[in-house]
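Have a look at the structure below before the remarks.
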Amino acid sequence: MNEPELLREPAPDALRTTAIGDYLAWLDRTRDLAFTGYRDLHDWSVTDIEGFWSSIWDHFDVRTHTPYDRVLGRRDMPGAEWFPGATLNYAEHALRWAEATPDGVAVLARSQTRGPLELTWGELADQVARARAGLRRLGVGRGDRVVAYLPNIPETLVAFLATASLGAVWASCAPEFGARGVIDRFSQIEPTVLLATAGYRYGTKDIDRRDEVTAIRAGLPTLRHTVHVPYGPGELTDTVAWADLLAEPADPSDPGFDPVPFAHPLCVLFSSGTTGKPKPIVHGHGGILLEHLKNHSLSWDLRPGDRILWFTTTAWMMWNSLVSGLLVGASIVMIDGNPLHPGPDWQWQLAEETGATLMGASPGFLMACRKEGMAPAKDHDLSRLRQIGAAGSPLPPEGFRWVAEQFGPGVLLNVGSGGTDVCTGILQGGPLQPVWAGEISGPCLGVAAIAYDEQGNEVTDVLGELVITEPMPSMPVGFWGDTDGSRYRDTYFDTYPGVWRHGDWVRFTAATGSCTVAGRSDATLNRGGVRLGTAEFYRVVEELPEVDDSLVVHLEDSAGGPGELLLFVALHNGSELDDALRKRIATALRGALSPRHVPDSVISVPVIPRNRTGKKLELPAKKILLGAALSEAASRDTLAEPTSLDTFTTLATQRSAHAAGAVRQGVEQH
């Protein structure tokens, strides 16, 4: 393969001006370890994994109530045992900066439902202590489950940290979810307390969620209490008021944080649930603490006084990552509302207003800004910005170039890929890594990520399964209710025993160590024996000015033929899918990729189906086209646009009728 286009070398002063530079100096000073660069450091981090993770523990001064016996009690996957003997608490570390800077700003909230809101570290710590006392009055203790049907607002953060401080277990859903989707998630963990709001504003529209809350409460028989968090219009009846929950200050004799074992459940994150009941993924206090300390400091370069702005909802693992900015002393910007109201410029405006040093953005958002001809660095004072993070889907090379053109070498574009399963990045960039157009800079520190072929051999320069060959602390503690661990093993370890299979289709570039994610491995296209990544299609097709979004599906031929390749496009306003545009699409795909990538049919649809975190839903669309009912292929509650798959149902019916007619005609002729 040709080496990808180099867009940015690490800054010449990176070793002196970044958090990872400080870490390298600390390793040299305290461990007598010297590294020549990132790849050298990464190699050490995945070979001496006990040395690496103990260095993270010591460098970030992890506080324990009892010390650990050793770093790894067991190294097996699944079943690795991290830091046995240690007791600690995630919330204690999230609030530790309140001791040194009680008057510093910890939280900045921006919303379309109410005015701007800020909390100092001292105010945040006080509210968490009050909420902790309030939850105790409601009978919440270690191991109990507290769930939230709340947006990304400070009250949600306070409730989460208070829950964690008690050793209780947290789970949350965004209020745009319907009642069925929430019940499917929360009912699996049998919560005792629900926090909810009656509504919110999305752009200029008031959204009433009282009926949904009523249905959720009825569908959770284990609930003992519901706490109403006043936010949008309306009230919830027969509830505990948020003000009453926080009414009493903490008992001066209360230590504030219950020490729990390293693997004690902190939160339950749920898989998308697109094609089945969402998996309840349990993450532990210690694993999330250690991983996020490493990631946020050494990759995102966050330090005390920095500010992280990343649009997310409470149903996405990025919410947990945003909240963990507190661990390294950074302020977090919590945004709620329509991310594109009154236009895509709103997020850049917020970055200016809040002085963001790290701004997270979806690749779709960056590409939309590019397509609109926006110039955010020119139109806004973003002088504090040092990094732009991008995650959620692949970013095409054109998006890399646009960020480089807009912001220059002073701002690092850090593109990553990870997931809810590990609640962090697996592949990512950082201050010591080059940026290559269209490529993720490489595996994260402590993540032994490589590509496997079908036989379990490591491969480079070709597409393969993304796997992790060594344990990492933030791998799930397990799935809730999966007492024998069979569901957990079947999810990640069924293909390569003892090796984590993540489910992504990836290509590592041998010359640079960088990589590209080509889509989910269960959605890759196998045409004529050659597997094609879906992301390659999208970056070519969506460069055409007439195409806003696209989705590609391959329907295999049971007789072993090439099958049928279908490309669905959502067109830009005013554009028409005529023969000329079809020809341009085919020419672009043939020229940029290969003749195998030319679709058999191009079909216009009103909207491309995506889940609520923005991922395209190739597999549900394919299942419907192959005859599955919509209810079997996906739950409407998981869709960003609930009707987005209806077009595929209609098309499947038409195709079935056409095929039946062709069979009848053939019989009559015979």
Side-chain angles (χ1 to χ4, degrees), residues 23 26-27 30-31 48-100 125 128-129 131-133 135-136 140-146 160-170 250-268 282-297 320 323-324 326-329 422-424 446 470-478 480:
Y23 170 67
W26 179 88
L27 283 176
T30 65
R31 303 288 176 96
D48 183 5
I49 60 175
E50 294 192 49
F52 172 71
W53 287 108
S54 67
S55 79
I56 297 297
W57 185 287
D58 293 342
H59 180 67
F60 291 102
D61 188 26
V62 171
R63 297 180 178 181
T64 59
H65 296 259
T66 56
Y68 64 84
D69 301 323
R70 57 174 301 174
V71 175
L72 267 175
R74 288 198 313 273
R75 190 169 178 149
D76 301 332
M77 286 199 299
E81 183 187 19
W82 289 95
F83 296 95
T87 56
L88 42 67
N89 192 289
Y90 171 95
E92 182 175 8
H93 290 81
L95 293 170
R96 68 191 299 181
W97 298 93
E99 301 167 7
V128 170
R132 169 183 164 90
L135 289 174
R136 264 191 168 160
V140 175
R142 179 181 295 201
D144 290 332
R145 277 76 68 201
V146 175
F160 163 60
L161 293 177
T163 299
S165 78
L166 289 165
V169 186
W170 173 265
D251 183 336
S253 64
D254 183 357
F257 307 99
D258 289 17
V260 294
F262 188 91
H264 184 81
L266 168 67
C267 59
V268 178
V282 182
H283 286 290
H285 276 249
I288 295 302
L289 169 64
L290 214 58
E291 171 58 39
H292 286 180
L293 284 170
K294 178 215 70 176
N295 177 81
H296 290 35
S297 178
N320 302 78
V323 166
S324 284
L326 300 173
L327 296 174
V328 293
V422 290
C423 198
T424 189
E470 295 288 351
M472 49 189 288
S474 70
M475 285 176 173
V477 173
W480 196 273

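No hydrogens, no waters, no symmetry mates; every other heavy atom, side chains included, goes into these values. As the structure is a computational prediction, the values presented were derived from the model and not from experiment.
Judged by distance alone, the side chain of Trp97 and the main-chain N or O of Leu327 form a donor-acceptor pair under 3.5 Å. Thr66 places a side-chain N or O within donor-acceptor distance of the main-chain N or O of Thr87, the cut-off being under 3.5 Å. Checking side-chain atoms of His264 against main-chain N and O of Gly167 turns up a donor-acceptor pair under 3.5 Å. Here the side chain of Asp144 pairs no donor or acceptor atom with the backbone of Ala168 at under 3.5 angstrom. No donor-acceptor pair under 3.5 Å is formed between the side chain of Arg132 and the backbone N or O of Ala250. A donor-acceptor pair is defined here as one N or O able to donate and one able to accept, closer than 3.5 Å; no such pair exists between the side chain of Arg70 and the backbone of Tyr68.
Nearest heavy atoms, Arg136 versus Asp258: NH2-OD1, 3.9 Å. For Leu72 against Glu50, the heavy-atom pair with the smallest separation is N-OE1, 3.9 Å. Between Val477 and Ala263, the closest heavy-atom pair is CG2-O, 3.4 Å. The nearest pair of heavy atoms linking Pro471 to Ala80 is CB-CB, 3.6 Å. Taking each heavy atom of Ala91 and Ser165 in turn, the nearest pair found is CB-N, 3.9 Å. Here the closest non-hydrogen pair linking Thr64 and Ala86 is CG2-CB, 4.4 Å.
Residues passing the salt bridge (charged side-chain N to carboxylate O under 4.0 Å, His left out) test with Asp76: none are found, sequence neighbours excluded. With sequence neighbours left out, the ring pair (Phe, Tyr, Trp, His ring centres under 6.0 Å) criterion links Phe262 to Phe83. For His59, the ring pair (Phe, Tyr, Trp, His ring centres under 6.0 Å) test picks out Tyr23, Trp26, with sequence neighbours left out.
To the nearest 0.5 Å, atoms CD (Glu470) and CD1 (Ile49) are separated by 5.0 Å. Between the CZ atom of Arg96 and the CZ atom of Arg63 there is a distance of 4.5 Å, given to the nearest 0.5 Å. Once rounded to the nearest 0.5 Å, the distance linking NE2 of His292 with NE2 of His93 reads 14.5 Å. Here Met472 contributes atom CE and Trp53 contributes atom CH2; the two are 6.0 Å apart, rounded to the nearest 0.5 Å. Between the CG atom in Leu289 and the CZ atom in Phe60 there is a gap of 10.0 Å [rounded to 0.5 Å]. In this structure, CG in Leu290 is found 11.0 Å from OG1 in Thr424, a value given to the nearest 0.5 Å.
No side-chain N or O of His283 forms a donor-acceptor pair with one of Glu291 less than 3.5 Å apart. A donor-acceptor pair shorter than 3.5 Å can be found between the side chains of Ser324 and Tyr90.
In this structure, Phe257 and Leu95 have side chains that are in contact, with non-hydrogen atoms separated by less than 4.5 Å. Using a 4.5 Å heavy-atom cutoff, the side chains of Val169 and Thr163 are not in contact. You'll find the side chain of Arg31 reaches within 4.5 Å of the side chain of Ser54, heavy atoms only. Residues Ile288 and Asn320 fail the side-chain proximity criterion, which asks for heavy atoms closer than 4.5 Å.
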